[in-house]
Amino acid sequence: MATKKVPAKKPAAKKPAPKVTKLAATGEKPKAAKPKGSKKKLQLLRGMRDILPQEQMYWDYVRGALDQVSRAYGYSRIDVPVVEELQLFKRTIGEGTDVVDKEMYEFETKGEDQVALRPEFTAGVARAFIEHGMMNQPQPVKLWTDGALFRYDRPQAGRYRQFHQGNWEIIGSPQAALDAELIAMGYNFLSDVGLPVTVLINSLGTPDTRKQYVNALKDYLKPHRKQLDETSQERFNKNPLRILDSKDERTQEILEGAPQIVDFLDDESREHFMSVLEYLDESGIPYRLESRLVRGLDYYSHTAFEFVLTPPEVVAGEATEDAAADTVDAETGEAKVAESSVAGMALGGGGRYNYLVEQLGGPAGTPAVGMAIGLERVILAIRELKVEIAPEPTADVFLAQIGETARKRALKLFEELRKAGIAVMSNISKNRLSDQLSLASKASAKYTLILGQKEMIDNTIIIRDMAAGSQETIDQEKLVATLQKALKK
RNA sequence: GUGGCUAUAGCUCAGUUGGUUAGAGCAUCGGUUUGUGGUACCGGGGGUCGUGGGUUCAAGUCCCAUUAGCCACCCCA
């Protein structure tokens, strides 16, 4: 039966395809090549992408590490909706920021609600904290999540309109130790996953110190204003702090002598910041003070930090303590980062936001710290640096069957094996043994079970050791026990 | 949102100054082997050369527009 079907299919499958192309080709000349506009190619929206099966191993790897580290540090999982009220984001992230002003996916629903696709997690998590009365739980509340975020930005490598982050929030405690613990966790997560990173850190103080600093900065820049680059001049009134980030050389030169925000911190903020740094020293986390680090979202206060893929000069040059060397470990790692285009890429960051919860209508003075790590970028770096990741768990055994009766038995046997905890796979749509062996080999199964007419009569089954190429015949009743023993490791 | 580069098979790419039926490797399917894989050999399928228009006797090749990707700006993850 099976052999008859195969030859029948072949000619049928072959002919139609050429016909179609021929028609299309001849149709071109008469001029009517585009009668159907429906031929328009459907393609990915800009900035969107498919994560194909071949790439899933990286996502499994990263998500696994995410889950592990989050549990270890005592975080509870929370999932918040992709869509929220537009106002939630406008109020927290702040109007005037690029994220809100030009990068939000916002729209009106059929019920005429103004909503937006989440461009980040913090606002939603803070909203959930308040809405579900989590202030009545033991403080602080540690929450983590991961998922898709949306920003209508212009795509580039490692930058998409739909992207994913791992996200952590610690709400309800002002302790500097928590800032440090959070940073340590992010650092350790990235190290675990195989990435050499540097922590950049700064303190933004309170809204008040920020105000003072902004004034001081403007006073300093005013005489040089005409020499600043164009965008910096625009920012002068709108968002002067961001001038610090300018990549323009001339602007950077001018900034050399600019006042630093650290000098404007009030006693409490300074103490907090010093304390965070002490904790970091204690935990051996290498960091670099970065007085120009200003995060793009309005709600940050006090500690602000960022994880950057370690650029070569930092690793090779002024040794940032032993811990840095530990994470880089092999010299090959350094070399790879050096020659890689991803060196210096920002993988994540975060900071304190002591005023956000209150601003959203939560209890006054509810402090919090948060952090987010970009998953696409982590995976990009992992792939770029060729970090070796554990191969996907493959099937232990492949069940091959030959002939109709064996196939029926195989269906049942498959289930018995699965219930016995054996990772088994098969493909009952295949008839030829060679096809099935080939599949088994591709799936790197340790054993292939061969069940054919002969075995059905004897009530036996063949166990083939794929690596050794040897095989033996055993009774079907003994199969499960034999396999369990053989796979025990 | 601004500027630059790029676009040929599922993937990586080749394609001479515009000139016959657009090629390779890998992958895929089939055969050598109707009950023995990962090797080898043979063969097949798969391209409206991103899309639309223009120049030309003739366009994958030149021009314009458009879409997408990449790079820089910007922003950040």
Side-chain angles (χ1 to χ4, degrees), chain A residues 1-4 6-7 9-10 13-18 20-29 33-34 37 39-41 43-49 52 54 97-99 101-103 119-121 149-167 229-232 234-235 239 242 245-248 294-297 306-308 341 345-350 371-381 398 400-403 406 431-445 448 450-455 462 464-467 469-471:
Chain A
M1 263 189 106
T3 48
K4 275 178 193 169
V6 174
K9 272 181 190 171
K10 272 190 283 176
K14 275 178 190 172
K15 296 226 167 167
V20 174
T21 56
K22 267 177 203 165
L23 283 177
T26 52
E28 262 177 10
K29 291 192 175 175
K34 46 152 193 176
K39 277 239 171 175
K40 189 191 173 190
K41 194 157 70 174
Q43 62 179 28
L44 247 9
L45 249 20
R46 180 168 231 192
M48 299 290 167
R49 66 189 205 115
L52 299 172
Q54 311 89 278
T97 61
D98 281 3
V99 171
D101 285 357
K102 23 190 237 202
E103 296 174 6
E120 55 113 43
F121 279 117
L149 302 171
F150 302 83
R151 249 119 105 161
Y152 195 85
D153 201 354
R154 185 136 172 193
Q156 249 171 63
R159 181 164 116 186
Y160 302 94
R161 286 182 174 182
Q162 176 177 340
F163 61 103
H164 299 77
Q165 285 184 347
N167 185 271
D229 60 285
E230 214 173 304
T231 49
S232 290
E234 282 169 22
R235 284 165 172 167
N239 198 348
R242 296 225 59 88
D245 281 348
S246 171
K247 280 167 194 157
D248 184 78
V294 175
R295 309 230 79 223
L297 313 180
E306 204 168 290
F307 298 104
V308 165
S341 56
M345 180 169 67
L347 298 175
M371 170 174 82
I373 291 180
L375 270 30
E376 276 82 2
R377 289 190 181 176
V378 166
I379 288 172
L380 179 66
F398 188 98
Q401 102 303 134
I402 312 145
N431 298 314
R432 268 190 299 279
L433 180 58
S434 59
D435 284 349
Q436 297 183 71
L437 278 165
S438 171
L439 288 172
S441 163
K442 269 171 200 156
S444 53
T448 296
I450 302 171
L451 187 63
Q453 301 294 345
K454 223 183 299 172
E455 291 74 25
I462 295 171
R464 180 178 177 80
D465 184 320
M466 296 301 280
S470 61
Q471 56 189 45

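Throughout, a chain's letter reflects where its sequence line sits, starting with A, and its residues are numbered from 1.
- A search for side-chain hydrogen bond (donor to acceptor under 3.5 Å, both in side chains) contacts involving A:R154 returns nothing, not counting sequence neighbours.
- Not counting sequence neighbours, the partners of A:Q471 by the side-chain hydrogen bond (donor to acceptor under 3.5 Å, both in side chains) test are A:R464.
- Between A:V99 and A:E120 the shortest side-chain heavy-atom distance does not fall below 4.5 Å.
- The ring-ring contact (aromatic ring centres under 6.0 Å, His included) test applied to A:F398 returns no partner, not counting sequence neighbours.
- Shown here are the side-chain contact (heavy atoms from CB on, under 4.5 Å) partners of A:A443, two or more places apart in sequence or in another chain: A:M425.
- When distances run from any side-chain atom of A:Q43 to the nucleotides B:rA77, B:rG37, B:rU67, the shortest one goes to B:rU67.
- Nearest heavy atom pair, residue A:Q453 against residue A:G403, reads NE2-CA, 3.6 Å.
- The shortest distance between the side-chain N/O atoms of A:R46 and the OP1/OP2 oxygens of B:rG69 is below 4.0 Å.
- Taking only side-chain atoms of A:Q156, from C-beta outward, the nucleotide of B:rA68, B:rC73, B:rG35 with the closest atom is B:rC73.
- A:L52 pairs by the side-chain contact (heavy atoms from CB on, under 4.5 Å) definition with A:D50, A:Q54, not counting sequence neighbours.
- The same atom, P, is picked in B:rA59 and in B:rG19; the two are 11 Å apart, to the nearest Å.
- For a distance-only test at 3.5 Å, the side chain of A:Q471 qualifies as a donor-acceptor partner of the base of B:rU36.
- Positionally, the nearest nucleotide of RNA chain B for A:G469 lies more toward the 5' end than for the other of A:A346 and A:G469.
- Distance, A:E103 CD to B:rC76 P: 7 Å, rounded to whole Å.
- Each of B:rG37, B:rC70, B:rG31 was ranked by its minimum atom distance to the side chain of A:L437; first place goes to B:rG37.
- In this view, A:E103 satisfies the side-chain hydrogen bond (donor to acceptor under 3.5 Å, both in side chains) rule with no residue, not counting sequence neighbours.
- Counting non-hydrogen atoms under 4.0 angstrom, A:G47 reaches the backbone sugars and phosphates but no base.
- Residue-level contact check: A:G452 touches the bases, meaning some heavy atom is under 4.0 Å from a base atom.
- Take A:L433 and apply the side-chain contact (heavy atoms from CB on, under 4.5 Å) test, not counting sequence neighbours, and it matches A:A400, A:I402, A:L437, A:I450.
- Nucleotide B:rC70 holds its C1' atom 15 Å from the CG atom of A:L44, rounded to whole Å.
- Nearest to the side-chain atoms of A:S434 among the listed nucleotides B:rA77, B:rG69, B:rG37 stands B:rG37.
- Contacts of A:A157 with the nucleic acid, taken as non-hydrogen atoms under 4.0 Å apart, involve only primed sugar atoms and P, OP1 or OP2.
- Spacing between B:rU6 and B:rG43 at atom C1', rounded to whole Å, works out to 36 Å.
- Rounded to whole Å, the P atom of B:rU66 lies 42 Å from the corresponding atom of B:rC29.
- Note on A:G158: a base of the nucleic acid sits closer than 4.0 angstrom, heavy atoms only.
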### nucleotides 1-8 of chain B: protein proximity per nucleotide (B base, S sugar-phosphate only, - neither; heavy atom, under 4.0 Å)
BBB-----
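- Annotation for A:A372 and A:N167: closest pair CB-ND2, 3.6 Å, computed over non-hydrogen atoms.
- Atom P of B:rA24 sits at a distance of 14 Å from the matching atom of B:rG46, rounded to the whole Å.
- For A:E455 against B:rG35, a side-chain-to-base donor-acceptor contact under 3.5 Å is present.
- The interatomic distance linking A:M466 (CE) with B:rU36 (C1') rounds to 9 Å, in whole Å.
- Base pairing in RNA chain B gives the following stems of 3 or more Watson-Crick or G-U pairs, range against range and under 3.5 Å: B:1-7 with B:67-73, B:10-13 with B:23-26, B:28-32 with B:40-44, B:50-54 with B:62-66.
- The side-chain heavy atoms of A:M371 and A:F307, taken from C-beta on, include a pair separated by under 4.5 Å.
- The gap from the P atom of B:rA9 to that of B:rG15 amounts to 15 Å, rounded to the nearest Å.
- In this structure, A:L347 places its CG atom 9 Å from C1' of B:rA77, rounding to the nearest Å.
- Residues A:L45 and A:R161 have side chains not in contact (no heavy-atom distance under 4.5 Å, counting atoms from C-beta outward).
- A:R464 places its CZ atom 8 Å from the P atom of B:rG37, with the value rounded to the nearest Å.
- A:I462 comes within 4.0 angstrom of a nucleotide base, judged by non-hydrogen atoms across all strands.
- Counting to the nearest Å, the C1' atom of B:rG38 and the CG atom of A:D435 are 14 Å from each other.
- Each of A:K454 and A:P155 was assigned the nucleotide of RNA chain B with the nearest heavy atom; the assignment lying further toward the 5' end belongs to A:K454.
- Rounded to whole Å, the separation between the C1' atoms of B:rG18 and B:rG60 comes to 10 Å.
- Across all strands shown, A:Q453 has heavy atoms under 4.0 Å from base atoms, whether or not it also approaches the sugar-phosphate.
- With sequence neighbours excluded, the residues satisfying side-chain contact (heavy atoms from CB on, under 4.5 Å) with A:D435 are A:K430, A:R432.
- With sequence neighbours excluded, the residues forming a side-chain hydrogen bond (donor to acceptor under 3.5 Å, both in side chains) with A:Q436 are A:Q401, listed by chain and number.
- Going from atom CG of A:L439 over to atom C1' of B:rC29 covers 13 Å, rounded to whole Å.
- If you measure from atom CG of A:N431 to atom P of B:rU34, you get 14 Å, rounded to the nearest angstrom.
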Between the protein and nucleotides 26-28 of chain B, are there any N/O to N/O pairs under 3.5 Å, and if so, what are the atom names and distances?
| residue | atom | partner | partner atom | Å |
| --- | --- | --- | --- | --- |
| B:rU28 | OP1 | A:K442 | NZ | 3.4 |

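- A:K102 places none of its side-chain heavy atoms less than 4.5 Å from the side chain of A:Y152.
- Comparing the P positions of B:rA27 and B:rG38 gives a spacing of 12 Å, expressed to the nearest Å.
- Judged by atom type and distance alone, A:R432 does not reach the base of B:rG35 through any side-chain donor-acceptor pair under 3.5 Å.
- Separation of the C1' atoms belonging to B:rC26 and B:rU67 is 29 Å when rounded to the nearest angstrom.
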